[in-house]
Amino acid sequence: MAQVSMTVNGMRVSGEVEGRTLLSTFLRDTLELTGTHVGCDTGQCGACTIHVDGVSVKSCNMFALEAEGAEVTTIEGMANADGSLGTIQQAFQDHHGLQCGFCTPGMVMAAAALLKENPKPSEAEIRTYLSGNLCRCTGYHNIVKAILAASGQDVAKEFAA
Amino acid sequence: MYAFEFERPSTLDEAVKALGAEGAQALAGGQTLIPTLKQRLAMPETLVSLAGIAELKGISAEGGVLTVGAASTHTEVAGQTAYPALAHLARGIGDPHVRNRGTIGGSLANNDPSACYPAAALGSGATIVTNAREIAADDYFTGLFETALEEGEIITEVRFPIPAKAAYVKFEQPASRFALVGVFVSKGEGGVRVAVTGASEAGVFRWAEAEAALASDFSAAALDGLSASADDLIGDIHGSPAYRAHLIGVLTKRAVQAAG
Ligand SMILES: Cc1cc2nc3c(=O)[nH]c(=O)nc-3n(C[C@H](O)[C@H](O)[C@H](O)COP(=O)(O)OP(=O)(O)OC[C@H]3O[C@@H](n4cnc5c(N)ncnc54)[C@H](O)[C@@H]3O)c2cc1C
Ligand code: FES
Ligand code: FES
């Protein structure tokens, strides 16, 4: 076992992990931040997407020890300080961008990463960017609309499909 | 996943030493290795993370050569502007989250028969530099998941001569986003190169007939009537050898057109 320390959603945390402990496992089991979902556990589905040092990663495809000293943001860090939904989260609710909600934490984290890089993405850019985030329920249209709305664009005008 | 020790050397020398130990394996972005470990297809005793080694980082262009540190992520390569065809290829790998972790060194060491970077290295006539020596791309790819790397040898950087014209066109396998077939063409001081990934049972290869045709006339029309052989091509649920052979012809034309 080894000691690992990092900052998660602004808080300094540390814990004992094995070499093989995945970052997703550390977040969910050690820190009990179960908002990060594990769908496929093979790096395909994106449900476990979080941000490490400002960029999106699949937390099932990274070891906890690789995040030593890192700044980590999970879905639990996306709400406003008063506990109300953040802009992207609210847009997902407003546009019915989720059904079962399993993929949603990863979708929101992917959307946040996209909007940081590209504040006004087109519909096509959103769809391309979400290639690593799978949703079994929504058919993606409402997710795309939610992200257009979260970026402050006119959904009726920008959404063609 | 089997248990293993985890080491984080901060210099290349330390990493070389750590990898010299019995049962040690390098970990770069983990985007291939971690799924492999989960499937118990590898059981290293020690994983040696290359992430903290400054010597493996950085991208620079000088004298017509782009030098890419082995630990450069696909996102970082996508962001360089000196070699646009290579940036385009990197931007097309997997998805944004995979690109933020996966590295060029990991991709070339792994030599997946459907990976993108092997086509760029072979198709540009790149040099793969390790802690011990320099290996020409023509000598580096030795078969399916096989390379000229020795046990414990670490790729430190990859040097790409920047060609006058180049392009990579990939026909994506839609579920994995790897190349069902991908073709990298270039025309530079070393002549014309056509490298094909995703298609052959033996991994990435150069399509010599197309190179010969393009050497005298670098245009899609020069490829008219030329077809790749389906012998030894991959056949799976995604496509037969004949289908892949057809794609090689189509994608090579498209790549030549894209290279301009
Ligand atoms: C969902 C998904 C989609 C993908 N899509 C594509 C795609 O479209 N095209 C594509 O080409 N790839 C794709 N990949 C693979 C991806 O590009 C990997 O990042 C890459 O193949 C391996 O790089 P890595 O840095 O993650 O290496 P790791 O997984 O860490 O290591 C891979 C192997 O290389 C060895 N190694 C790593 N670095 C070095 C080094 N410097 N010297 C010597 N040996 C080393 C390791 O020991 C290991 O054996 C995809 C992966 C995923 C999960
Ligand atoms: S759980 Fe990590 S990608 Fe599916
Ligand atoms: S809402 Fe159910 S998987 Fe996306």
Side-chain angles (χ1 to χ4, degrees), chain A residues 1-4 16-25 36 38 40-70 106-107 109-118 121 125-134, chain B residues 1-10 18 23-52 71 73-76 78-79 91-103 106 170 172-178:
Chain A
M1 298 289 258
Q3 186 78 12
V4 66
E16 287 273 305
V17 294
E18 286 187 87
R20 64 180 164 176
T21 305
L22 297 168
L23 185 52
S24 52
T25 309
T36 297
V38 175
C40 64
D41 204 18
T42 60
Q44 305 286 327
C45 78
C48 66
T49 305
I50 61 167
H51 297 179
V52 175
D53 289 333
V55 301
S56 59
V57 306
K58 291 173 170 175
S59 61
C60 78
N61 232 0
M62 179 166 175
F63 293 116
L65 285 171
E66 293 183 275
E68 172 66 37
M107 288 290 179
M109 299 314 288
L114 167 62
L115 296 183
K116 204 167 110 185
E117 257 174 52
N118 182 356
E125 285 169 342
I126 295 172
R127 289 185 188 278
T128 306
Y129 199 87
L130 294 182
S131 60
N133 293 81
L134 306 184
Chain B
M1 208 179 325
Y2 296 107
F4 50 78
E5 297 296 318
F6 194 84
E7 288 192 25
R8 280 172 289 195
S10 53
Q25 187 171 3
L27 172 71
Q31 300 304 291
T32 295
L33 185 53
I34 295 177
T36 308
L37 293 170
K38 287 178 181 176
Q39 290 177 288
R40 295 190 165 184
L41 293 173
M43 49 181 296
E45 280 165 42
T46 309
L47 275 195
V48 180
S49 168
L50 304 179
T73 63
H74 307 332
T75 303
E76 286 161 354
R91 222 168 5 251
I93 294 176
D95 59 61
H97 327 311
V98 168
R99 293 196 289 274
N100 284 335
R101 297 286 308 159
T103 68
K170 157 161 95 157
E172 271 185 21
Q173 199 274 77
S176 75
R177 293 177 294 284
F178 274 84

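Here is how names work: the chains are called A, B, and so on, in the same order as the sequence lines, proteins then strands, and each is numbered from 1. Hydrogens, waters and symmetry mates are skipped; everything else that's a heavy atom, side chains included, is used.
- For the pair Ile50(A) and Leu23(A), the minimum side-chain heavy-atom distance is below 4.5 Å.
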Applying side-chain hydrogen bond (donor to acceptor under 3.5 Å, both in side chains) to Thr73(B) and Asn100(B), what does each step give before you reach the verdict? CA-CA 6 Å; Thr73(B) 63; Asn100(B) 284 335; 5.7 Å; no
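- A cation-pi contact, defined as under 6.0 Å to the ring centre and within 45° of the axis, is absent between Arg20(A) and Tyr2(B).
- Of the possible polar contacts, one joining the Lys170(B) side chain to the Gly92(B) backbone as a donor-acceptor pair under 3.5 Å is found.
- Interface summary for chain A: among Gln31(B), Gln39(B), Glu7(B), Arg99(B), the most heavy-atom pairs under 4.5 angstrom belong to Gln31(B).
- Residue Ala3(B) touches chain A through both its backbone and its side chain, counting heavy-atom pairs closer than 4.5 Å.
- Of the listed residues (Gly43(A), Ala113(A), Gly19(A), Ala110(A)), the greatest number of heavy-atom pairs within a distance under 4.5 Å of chain B belongs to Gly19(A).
- When each of Asn133(A), Leu114(A), Thr21(A), Asn61(A) is scored by its heavy-atom pairs under 4.5 Å with chain B, the top score falls to Asn61(A).
- Taking Glu5(B), Lys38(B), Arg8(B) one by one and counting their heavy-atom pairs under 4.5 Å with chain A, the maximum is reached by Lys38(B).
- Applying the 6.0 Å contact sphere to CD of Glu18(A) captures more than 12 heavy atoms from other residues, nucleotides or ligands.
- Residues His97(B) and Ser56(A) bring a donor and an acceptor atom of their side chains to less than 3.5 Å of each other.
- Neither the backbone nor the side chain of Leu33(B) comes within less than 4.5 Å of any heavy atom of chain A.
- The candidate with the highest count of non-hydrogen atom pairs below 4.5 Å against chain B, out of Thr42(A), Val55(A), Val52(A), Leu134(A), is Val55(A).
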